[in-house]
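Everything below concerns the one structure shown next.
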2 protein chains.
Amino acid sequence: MDQQTKNTPRKKRLSSEERRKEFISKAIEFFAEEGFESSTRELARYLGVTQPLLYRYFPSKDDLIKEVYQTVYLSRWQEEWDVLLCDRSIPLRARLQEFYEAYTDAIFTREWMRIFLFSGLKGVEINRWYVGLVNERILNRILNEFRVEAGQKNPKPPSAQELELAWVMHGGIFYYGVRKHIYETPVLEDKSRMISDALDLFLKGIGDAFPTGLKE
Amino acid sequence: MDQQTKNTPRKKRLSSEERRKEFISKAIEFFAEEGFESSTRELARYLGVTQPLLYRYFPSKDDLIKEVYQTVYLSRWQEEWDVLLCDRSIPLRARLQEFYEAYTDAIFTREWMRIFLFSGLKGVEINRWYVGLVNERILNRILNEFRVEAGQKNPKPPSAQELELAWVMHGGIFYYGVRKHIYETPVLEDKSRMISDALDLFLKGIGDAFPTGLKE
DNA sequence: GCTAGTATTTATCAATTGATAAACAGGAGC
DNA sequence: GCTCCTGTTTATCAATTGATAAATACTAGC
């Protein structure tokens, strides 16, 4: 409705841009399933177009793949999570529960998990960047907030051992997604419960394991 | 030395079998690095032979890959671990520490980890079989032994929730290997410490979370 | 040393791959 | 209705793929 208001010469171009987006989004589905080694012809068939058409939208297969990475890796993180994790008006326990439920809702899909692991095995740079993001924006923050909640004013950065423990917790939760979407093994249906138990273990454990860190 | 003792007509054949084994073992290195989509020609170059020679030893590329799976998946598990995990003359905590140190020594290699994930993404049957092995021979056993040590005579099988918690612990430890050998991210150097902390969290946590399960 | 059989290589096939160029189609603007 | 522009397809290339057959090199056994 109302497509021809005034002169909007970008209409054509916008449609072209939309087409591109559509290609990328279906390419994500396709590569997630078949792996990045699969051929452009099969991808084209999946898209319902001929193979040379892809080269009108992307200079090469590699460029297309890079766009797939970009979209997958960058579109899932919600800025509000940065706020949530540091919102000291909410008890840390509740913050973490809410965060991990939302975070796993975002990444526990067959698509995201498979693209993530495929790219991890390829060793592409964006994968390492993402691991760094988890490290800084999730785990270090959690450990910092834990100290603050325990009464420390200017908490020191967490030790390597503490950080490792946070990684074990995070990895344990992440591996739930791997089992479900990669191995396709039955898992406990109640994801919230799993998160809750994992967080209980972690928060209780870290308090016991590093009691000195809290009082100084 | 001493190669021609008596008449050992199997010597030729043995040598042929050895060659085969050698091919498989180097194919493991190769495919772990390059992925199973890589070509037989590149594999042959890696082996220092020509490509058609491979077809004297293996009917097809797929057969070779299957042998790679077999070797990787079946050669690492030590029968003695089955004994160790159920050896009630040793405290469970010590059993678990010893087991996980040995187990991770066996599987935390770039080779094993990459082959495992590659095959997991392909969804091959042997991968699911292995996940089942972890479930029955490690996690269910641990939970059972925990109840026995807590005084139960004929422990019921663990609940799905308990099992999930064990998976989170196991997955957390496993993910340490993924981070180290797949993502190649720095991890806490002291693997034993990581295991120890992870086990502390788990054993303490499971005792607190399921106290009723222990007394009935 | 000769021979037979096995290990290995050379040559080659048909299918598939990423990529390019040229032909075609269809609609917007005059 | 005609033209031009852009989205799309057809035709095609050279490189690479898994696989086979024929030729050669090698070595044990006489």
Side-chain angles (χ1 to χ4, degrees), chain A residues 1-28 30-31 33-69 118 122 124, chain B residues 1-28 30-31 33-69 118 122 124:
Chain A
M1 43 191 122
D2 188 10
Q3 293 172 350
Q4 297 175 353
T5 42
K6 301 216 163 176
N7 55 340
T8 52
R10 284 193 285 117
K11 191 234 164 188
K12 263 260 177 65
R13 258 180 117 170
L14 202 74
S15 154
S16 166
E17 197 53 38
E18 288 303 320
R19 196 86 219 270
R20 226 182 113 84
K21 291 250 175 73
E22 188 194 324
F23 279 177
I24 293 175
S25 132
K26 296 203 99 184
I28 291 174
F30 177 79
F31 283 127
E33 214 51 47
E34 309 294 330
F36 291 107
E37 317 289 331
S38 194
S39 73
T40 54
R41 271 176 183 78
E42 281 200 61
L43 168 59
R45 197 175 312 136
Y46 183 76
L47 295 173
V49 298
T50 55
Q51 180 248 5
L53 185 59
L54 294 174
Y55 290 82
R56 282 271 138 159
Y57 290 87
F58 310 95
S60 73
K61 185 186 179 183
D62 245 35
D63 287 273
L64 167 55
I65 289 178
K66 269 178 195 151
E67 299 235 29
V68 165
Y69 287 150
F118 275 127
K122 280 223 274 184
V124 297
Chain B
M1 42 189 123
D2 188 13
Q3 292 173 351
Q4 296 174 353
T5 44
K6 303 219 162 171
N7 55 341
T8 53
R10 283 194 287 116
K11 193 236 165 189
K12 260 259 178 66
R13 258 182 116 171
L14 203 75
S15 155
S16 167
E17 198 52 40
E18 289 303 321
R19 196 86 220 269
R20 227 181 112 83
K21 292 252 174 71
E22 189 194 323
F23 280 178
I24 294 174
S25 133
K26 296 203 99 181
I28 292 174
F30 177 79
F31 283 128
E33 213 52 45
E34 309 294 330
F36 291 108
E37 317 289 333
S38 194
S39 75
T40 55
R41 271 175 183 80
E42 280 200 62
L43 168 59
R45 198 175 310 136
Y46 183 76
L47 296 173
V49 299
T50 55
Q51 179 249 3
L53 185 60
L54 294 174
Y55 290 82
R56 282 272 138 158
Y57 289 87
F58 310 95
S60 72
K61 184 186 179 182
D62 245 36
D63 287 273
L64 167 55
I65 290 178
K66 269 177 194 151
E67 300 235 28
V68 165
Y69 288 150
F118 274 128
K122 279 223 274 184
V124 296

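These numbers come from the heavy atoms of this one structure, side chains and all, not from hydrogens, waters or symmetry mates. Bear in mind that the values here come from a model prediction, so they are computed numbers and not experimental data. In what follows, chains are A, B, ... by sequence order, proteins preceding strands, each numbered from 1.
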Can you confirm whether B:R56 is buried at CZ, in the sense that more than 12 heavy atoms of other residues, nucleotides or ligands lie under 6.0 Å from that atom? no
query = Is the NZ atom of A:K26 crowded by more than 12 outside heavy atoms at less than 6.0 Å?
reply =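 Atom NZ in A:K26 is crowded, with more than 12 foreign heavy atoms closer than 6.0 Å.
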Among C:dT9, C:dT17, D:dA19, the one nearest any side-chain atom of B:L53 is C:dT9
Please report, rounded to the nearest Å, how far the [atom2] atom of [N] is from the [atom1] atom of [X].
X     : N      : atom1 : atom2 : value
B:Y55 : D:dG18 : OH    : P     : 6 Å
A:R45 : D:dT10 : CZ    : C1'   : 16 Å
A:Q51 : C:dT16 : CD    : P     : 14 Å
B:E17 : C:dT6  : CD    : C1'   : 15 Å
B:R56 : D:dT24 : CZ    : C1'   : 13 Å
B:L64 : D:dA19 : CG    : C1'   : 14 Å
A:L54 : C:dA19 : CG    : P     : 10 Å
B:L47 : C:dT9  : CG    : C1'   : 15 Å

Base, sugar-phosphate, or nothing: which does A:S39 touch, judged by heavy atoms less than 4.0 Å apart? sugar-phosphate
How is A:Y57 classified with respect to the nucleic acid when contacts are heavy atoms under 4.0 Å: base, sugar-phosphate, or nothing?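 A:Y57: backbone/sugar contact only, no base atoms under 4.0 Å.
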When rounded to the nearest 0.5 Å, the distance separating CG of B:L53 from CZ of B:F23 is 5.0 Å
dist A:F30:CZ -> A:I24:CD1 (nearest 0.5 Å) comes out at 15.5 Å
Of B:P52 and A:F23, the one whose nearest nucleotide on DNA chain D sits closer to the 5' end is A:F23
Nearest-nucleotide check on DNA chain D, A:G48 vs A:R41; residue mapping nearer the 5' end is A:G48
Can you see if the side chain of A:T40 gets near the phosphate of C:dG18 - specifically, an N or O under 4.0 Å from OP1 or OP2? yes
Inset, instruction - Establish, with yes or no, whether the OP1 or OP2 oxygen of C:dT8 is under 4.0 angstrom from a side-chain nitrogen or oxygen of B:R19. - result: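 For C:dT8, OP1 or OP2 has a side-chain N or O of B:R19 closer than 4.0 Å.
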task: Indicate yes or no for a side-chain donor-acceptor contact from B:K61 to the backbone of B:F36 under 3.5 Å, with no hydrogens or angles considered.
output: yes
